[in-house]
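Just so it is clear: chains get the letters A, B, ... in the order the sequence lines come, proteins before strands, and each one is counted from 1. Values below: every heavy atom of this structure, side chains too, minus hydrogens, waters and symmetry copies.
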Protein chains: 2
Amino acid sequence: MNNTTLKEISTVLGLSISTVSRALKNHPDIAEKTKQRVTELATTLDYEPNANAIQLRTSKSNVFGLVVPFISNFFYHSFISSVEEESRRNNYSLMILQSGDDPFVEITNLKLCRQNRISGLFACISTQTTHVEAYLKLKELDIPVIFFDKVPDVGNCNKVCVADEASATMAATAILEKKKKKVLAIFGNNNLLITRKRLSAFTKTIDNKINLLIHHANNAEEAEALTLASLSQNPDTVFCMSDEILTGAMKAIQKSALKVPGDISVIAISNGFIPKLYYPEITYVETSGYKLGKLAFTSMMACLAGSTFMHELTTESILVEGGSI
Amino acid sequence: MNNTTLKEISTVLGLSISTVSRALKNHPDIAEKTKQRVTELATTLDYEPNANAIQLRTSKSNVFGLVVPFISNFFYHSFISSVEEESRRNNYSLMILQSGDDPFVEITNLKLCRQNRISGLFACISTQTTHVEAYLKLKELDIPVIFFDKVPDVGNCNKVCVADEASATMAATAILEKKKKKVLAIFGNNNLLITRKRLSAFTKTIDNKINLLIHHANNAEEAEALTLASLSQNPDTVFCMSDEILTGAMKAIQKSALKVPGDISVIAISNGFIPKLYYPEITYVETSGYKLGKLAFTSMMACLAGSTFMHELTTESILVEGGSI
DNA sequence: ACCATTGTCGCAAACGTTTGCGGCAAATTT
DNA sequence: AAATTTGCCGCAAACGTTTGCGACAATGGT
């Protein structure tokens with residue numbers, strides 16, 4: 001069976017297509033009785049407008065694109081969930097694409113977005129993205145692009161980020177206040193801007209006041225091995241830059257049968273899900289993907305409303321006490 | 001700036017629109033030289049076909065819908081990720097909608113799918129879905145619907161599921177083989193088919209051979225409280241029907257400072273992510289969202305290829321030893 | 001020299017909407 | 001009674017494609 005069209009409704013009712021169209025949109029030109037007849041038949045026939053035809057006619061697609069390296073990630077999860085929620089509420093659909101951190105796939109995904117004539121794009125670039133041009137092309141076409149989390153290192157773009165420096169500073173401050181003496185600090189890949197930001201703010205706050213062991217890990221396994229190896233130096237605290245690192249570190253701590261916070265303290269920067277899996281819950285500085293999603297969305301709506309002002313926004317972070325320090 | 005169209009290319013080259021269209025699709029009617037000129041100009045002009053116009057003309061949208069209660073969920077994550085991967089590989093896009101377990105939103109999402117004239121739908125129904133009619137309407141429109149995970153309790157639909165009975169049986173068997181004597185078994189909401197399936201298979205396999213404490217929990221907090229309360233009865237093993245329940249149970253075990261598996265054994269049915277967070281890693285029966293996604297996709301492609309045969313498929317489960325039992 | 005074939009290309013309709021404009025009858029004002 | 005306004009509706013073009021069909025020239029075969 002085929003979908004009902006305006007034409008079908010119009011022929012059944014002996015009206016013109018335009019009258020039916022206007023009746024369904026409650027246009028003042030149409031008589032009340034006619035509107036009633038039309039809407040009635042439309043519902044019994046289960047009429048649903050063809051979004052493609054509408055976009056073709058109006059060149060308004062009401063679809064947002066969202067490109068991201070991986071969907072399966074604690075942080076992106078909540079971000080996506082948040083954006084999806086807002087989109088639906090504002091009558092937009094979401095097209096979600098993942099690149100798998102492959103620049104070639106990333107390009108393909110952008111093509112797909114363009115082919116679907118998206119109204120706007122939320123983008124988190126892959127680790128090795130050098131080709132920002134494909135994104136800039138969208139801007140040429142007057143399609144707003146909101147970069148989030150991992151943003152390109154060039155100016156003149158809209159960016160929303162979690163407060164990297166502030167978060168790291170907050171964690172470092174908490175460590176100092178607790179009078180810790182020797183901290184094992186594990187950071188991520190140093191190629192990422194996010195890592196460098198957090199690292200510099202963290203070390204700057206610690207400021208050589210206490211002993212600092214700094215390491216970099218690319219994934220949970222590396223973080224676990226690293227923690228295990230460093231435990232011989234008897235740090236009294238472990239700081240983890242991210243959730244993934246935290247899972248690795250905790251694995252090592254459990255393996256070594258150390259008590260938290262008795263034997264060793266733990267503090268992390270996190271989205272909030274992982275820290276609550278342990279007992280005692282891990283104290284963490286929250287960088288909420290959910291909040292970031294909301295921020296990105298309002299930023300997008302501002303662009304669509306005509307704001308050409310480029311902005312860089314950050315969400316506020318808060319310290320969530322869990323009892324691990 | 002506007003997007004390039006076939007018409008623009010055609011006027012620049014002094015050709016007709018149809019010739020340009022055919023040239024870009026490598027139609028045999030068109031001379032090689034012409035094809036070259038066209039493709040060349042198309043790339044310099046960054047031509048991207050308008051997907052909406054194509055859908056309108058061909059009534060083929062190449063977009064799949066995917067509706068799910070929540071995106072932020074261990075299991076759905078990997079499922080979505082898997083489907084997205086396959087979709088892209090086969091030149092389809094994915095429209096992902098979440099219902100928040102709200103039947104009203106669920107209906108709205110289905111409307112959205114219909115408006116976008118999706119080629120097929122992957123659906124996981126919300127907990128209280130009673131209105132399967134909206135889904136059946138899609139079938140009337142010859143749009144294939146593949147239900148996954150939480151499937152409706154009616155026949156004549158395509159369903160792909162993890163092997164609920166087999167998984168529960170496998171876990172129960174493992175418990176029996178380890179000569180355990182007293183098992184605390186925590187299941188989810190009994191309204192869900194998935195719960196009832198797992199529960200009946202589990203109890204059937206245990207078959208009163210050993211002591212069984214059965215409880216139901218709707219979320220992690222309930223699971224934690226429940227475990228904490230039941231510990232006084234000294235079970236030697238905890239079985240968790242799902243990841244969410246596992247996180248609650250583990251919280252209680254850590255809180256009680258019990259050693260795994262020395263003081264108490266743990267076994268679960270899981271997607272695999274959560275069990276690996278602990279040390280020792282939790283032994284679990286794997287129900288892979290990734291595999292289920294692949295299965296769902298092949299099922300979808302079969303439908304699109306014309307298969308009208310309704311099927312119920314299940315993925316195989318495997319026991320992953322972790323050292324917690 | 002003629003006819004048939006082959007190689008290239010354009011015409012025009014169609015997909016389902018939206019919307020400016022104009023038409024016509026009834027109602028209202030002069 | 002004539003002129004104007006108002007209420008209601010239809011015509012037709014346009015959005016960007018695809019595709020059956022026909023047109024025309026060049027080529028080949030007799």
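- Of the listed nucleotides (D/dG10, D/dG16, C/dT17), C/dT17 has the atom at the smallest distance from the side chain of B/Arg117.
- Comparing D/dC15, D/dT17, D/dC9 by their closest approach to the side chain of A/Thr34 singles out D/dC9.
- For the salt bridge (Lys or Arg N to Asp or Glu O under 4.0 Å) condition, the pairs that include at least one residue of residues 300-313 of chain B, sequence neighbours left out, are B/Lys159-B/Glu312.
- Salt-bridge formation is detected for the pair B/Glu140/B/Lys137: a Lys NZ or Arg NE/NH1/NH2 atom is positioned less than 4.0 Å from an Asp or Glu carboxylate oxygen.
- Nearest nucleotide to the A/Ile54 side chain, out of C/dT17, C/dT8, D/dG10: C/dT17.
- The NE2 atom of A/His27 sits 13 Å away from the C1' atom of D/dG10 (whole-angstrom rounding).
- Under the salt bridge (Lys or Arg N to Asp or Glu O under 4.0 Å) criterion, the residue pairs touching residues 69-84 of chain B are B/Glu84-B/Arg88, with sequence neighbours excluded.
- Legend: salt bridge (Lys or Arg N to Asp or Glu O under 4.0 Å) pairs involving residues 22-31 of chain B, not counting sequence neighbours: none detected.
- Comparing A/Glu48 and B/Lys35, the nucleotide of DNA chain C nearest to each residue sits closer to the 5' end for B/Lys35.
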B/S/- along nucleotides 19-24 of chain D (protein heavy atoms under 4.0 Å) is BB----
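- For B/Lys111, the salt bridge (Lys or Arg N to Asp or Glu O under 4.0 Å) criterion is met by A/Glu48, not counting sequence neighbours.
- Residues passing the salt bridge (Lys or Arg N to Asp or Glu O under 4.0 Å) test with A/Asp149, sequence neighbours excluded: none.
- If B/Ser16 and A/Asn52 are placed on DNA chain C by their nearest nucleotide, the residue sitting closer to the 5' end is B/Ser16.
- Proximity note for B/Thr5 (side chain, C-beta onward) versus D/dG16, C/dT17, D/dC8: the nearest is D/dG16.
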